[in-house]
Amino acid sequence: MAGGGAIAAASNRRKNLAGPSGWAGLLANARVFAIAIFASLGGFPLILRRYDIVQGVFSGVLGMYSFDQRMASVVDNTGKKGWFVAILELGAWFGVLCTGYLADRFSRKYTIVGAVIVFCIGVIVQTAAFHPSSIYGGRFVTGLGVGSLSMAVPLYNAELAPPEVRGSLVALQQLAITFGIMVSFWIDYGTNYIGGTTTGQSESAWRIPLALQLVPAVILGVGTLFMPFSPRWLVNNGRDDEALQVLSRARRAAPNSDLVQIEFLEIKAQYLFEKETAALKYPDLQDGSWKSDFKLGLYDYISLLRYRPLLYRVAVGTLTMFFQQWTGVNAILYYAPTIFHDLGLTGSTNSLLATGVVGIAMFLATIPAVIWVDQAGRKPVLISGAFLMAACHFIVAILSGLYEDSWPAHRAAGWAACALVWIFAMGFGYSWGPCAWIVVAEIWPLSVRGKGMSIAASSNWMNNFIVGQVTPTMISNIRFGTFIFFGAFSFLGGLFIMFFVPETKGLTLEEMDEIFGSVGLVAGEQQRLEEIERRIGLDAYNDPDPNRAVSEKRDSDLIEKA
């Protein structure tokens, strides 16, 4: 928190007690690490990614002969083909906007379960489709679940994670996404041969990849029922004892240990401050009725736009997601076979193979981000990734402009362009893929965290929708100009992070006000916050001897090992 109150001194003490970051930190927080892996991977790391796999699956499905024959009225029309892909993102946009309220009202945990159910319904409709209308409807419903999960999972992981490994745990979501994309392309490649690749190809070639998405989704939905609630959601709903127990188990420390107590009291102080602030602003809405709670939720959304410090966070969240999508990554993923064909790799087998390398490159590049993002910081990773992706786009545009009409005579240039697309995928995999979601999951105050993140995530899906809609037309009409266009936005994204986004590594979710400012820390309310800190006993951890905290942490580790 901003200011020099008890919470600042307690935070310093907690940092001394905290463990390492990186791989050592993940192992030291094994319980939370395991929970985050399950939430992100759907419970079984060798199964397809629970929902984002649909992006990889569908790009391969679009190029299959039997799918083209069944859905020819759409696949053969560039405009309709764009809607075929983009309708999922439109559903995700609507789903994520609804999730802000649902996550705050019914918990992050049950929101994940509900989203899985919706997702499964959409997948079943798509798998059983015989007409384009069923694909449209199924993908929209699937999108509702995708959008909800895309927000609820990183929010859940961020709220359960200790600050020193929060980035790594949230980044697991992107690692899972890239794993699913990688596997999906190779499943498409394998099922593409069921009955042959042209006449006689079985419809199982595209129905099987779609249906396989149900397996990890069901595992995730059932497994989530056995996972703990978010401790911050529990505090926000008056369930302090449960929150303390969740923190204790997650940190592998006794409930009365300094590490657990400080973190719990930091959360509690933030909650009480925001609750008392709401009571002062809206005294007539404190009766606990559904109508009053709904109005308070509506005012929370309004506060995101009325107050400068919250509006700043809205701008950071929505623009970060805007630039993530306009790097062109989903244009590459959705239409990879088409792009590689245009770059000179003729034949469905060659383009699918090249596309599969995109998935491998992106997955491998995401692993270092999971391990080192809490040490390197968010800003250096995002800036370097943006400039690398921009360079790849511009060089591919140059090669395409020179040789797009004569690729067969310039095979080396074609393979060079393909290699740059793979490097682009690696650049996204280690930077904007994981780090954009880390930033938007951690910048919000507790009282509006679900609602704030829903707005930021809705920016992701609306821009994802637009990219999916316009990319086929761009590829057809402006050709290599498509790469120049996305390269320019990649470069602008790097500048945006460089000049407008603060570094958030190592801070607790309650300390974000220190770098973003807080609506509560103006007009003399700092004194009221400090009074709350003293009232709940947080000032008891204002230890003038920082070495004692380090000694206690060492003693605690020795006792645990013994």
Side-chain angles (χ1 to χ4, degrees), residues 1 5-11 13-14 17-18 29 31-32 35 101-112 152 155-163 166 224-280 285-289 292-293 296-297 300 442 444-451 507-513 518 520 528-542 556:
M1 301 290 291
I7 199 168
S11 295
R13 181 165 170 75
R14 173 190 46 73
L17 290 167
N29 293 274
R31 184 184 298 273
V32 178
I35 291 172
Y101 172 79
L102 296 175
D104 286 342
R105 180 69 177 85
F106 299 107
S107 81
R108 288 60 162 136
K109 173 179 172 176
Y110 289 143
T111 299
I112 293 173
L155 178 62
Y156 177 81
N157 285 349
E159 292 192 340
L160 198 63
R166 184 177 60 246
T224 299
L225 295 173
F226 300 95
M227 287 164 30
F229 289 98
S230 158
R232 288 167 171 84
W233 181 84
L234 290 170
V235 169
N236 213 32
N237 286 271
R239 296 160 64 172
D240 290 3
D241 291 341
E242 291 180 64
L244 193 59
Q245 290 301 316
V246 170
L247 284 173
S248 174
R249 289 192 294 269
R251 306 296 179 258
R252 297 198 297 182
N256 61 350
S257 67
D258 284 1
L259 182 64
V260 173
Q261 284 291 317
I262 291 173
E263 186 172 0
F264 171 74
L265 291 176
E266 285 177 336
I267 298 169
K268 185 70 174 178
Q270 175 89 2
Y271 162 69
L272 290 174
F273 179 78
E274 292 172 351
K275 182 179 180 181
E276 292 181 12
T277 300
L280 289 173
L285 298 178
Q286 304 303 312
D287 56 7
S289 66
S292 294
D293 288 345
L296 285 172
D300 282 342
E442 65 187 4
W444 309 98
L446 178 62
S447 61
V448 293
R449 186 164 296 141
K451 300 175 183 67
L507 300 176
T508 68
L509 298 179
E510 288 66 46
E511 289 174 317
M512 292 298 164
D513 288 336
S518 170
R528 182 160 59 84
L529 174 60
E530 292 181 357
E531 189 279 326
I532 292 173
E533 296 165 3
R534 288 190 293 270
R535 187 200 317 163
I536 64 176
L538 193 54
D539 58 340
Y541 297 94
N542 186 0
S556 175

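The chain is numbered in sequence order, starting from 1.
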Working to the nearest 0.5 Å, report the span between CD of Glu531 and CG of Leu272. 10.0 Å
Would a distance-only check, ignoring hydrogens and angles, find a side-chain to backbone donor-acceptor pair under 3.5 Å from Arg166 to Ala161? no
What distance separates Asp240 CG from Phe264 CZ, expressed to the nearest 0.5 Å? 4.0 Å
Close side-chain approach of Leu155 and Thr111, heavy atoms under 4.5 Å: no
Inter-residue atom distance Arg31.CZ - Leu160.CG, 0.5 Å rounding: 10.5 Å
Among Arg251, Arg249, Gln245, which one satisfies side-chain contact (heavy atoms from CB on, under 4.5 Å) with Leu247? Arg251
Would you say the side-chain atoms of Glu266 and Gln270 include a donor-acceptor pair closer than 3.5 Å? no
Any donor-acceptor N/O pair, Arg108 side chain to Ala152 backbone, under 3.5 Å: no
Counting neighbours of CG on Asp287 that are heavy atoms of other residues, nucleotides or ligands and sit closer than 6.0 Å, is the number greater than 12? yes
Any side-chain to backbone donor/acceptor pair from Arg535 onto Ala269? Under 3.5 Å, distance only. no
Which one of Glu242, Arg239, Lys109 satisfies the side-chain contact (heavy atoms from CB on, under 4.5 Å) criterion with Trp233? Arg239
List the atom of Val260, the atom of Pro255, and the distance in Å for their closest heavy-atom pair. CG1-O, 3.7 Å
Donor-acceptor contact present, side-chain Ser292 to main-chain Ser289, <3.5 Å: no
Can you tell me how far apart OG (Ser248) and CD (Glu263) are? Round to the nearest 0.5 Å. 11.0 Å
What distance separates Leu244 CG from Leu265 CG, expressed to the nearest 0.5 Å? 8.5 Å
Side chains of Asn236 and Lys275, heavy atoms from C-beta outward: is any pair under 4.5 Å? no
What's the shortest heavy-atom distance between Tyr156 and Phe229, and which atoms? CE1-C, 4.3 Å
Please report the interatomic distance CE(Met227) to OG1(Thr224), rounded to the nearest 0.5 Å. 4.5 Å
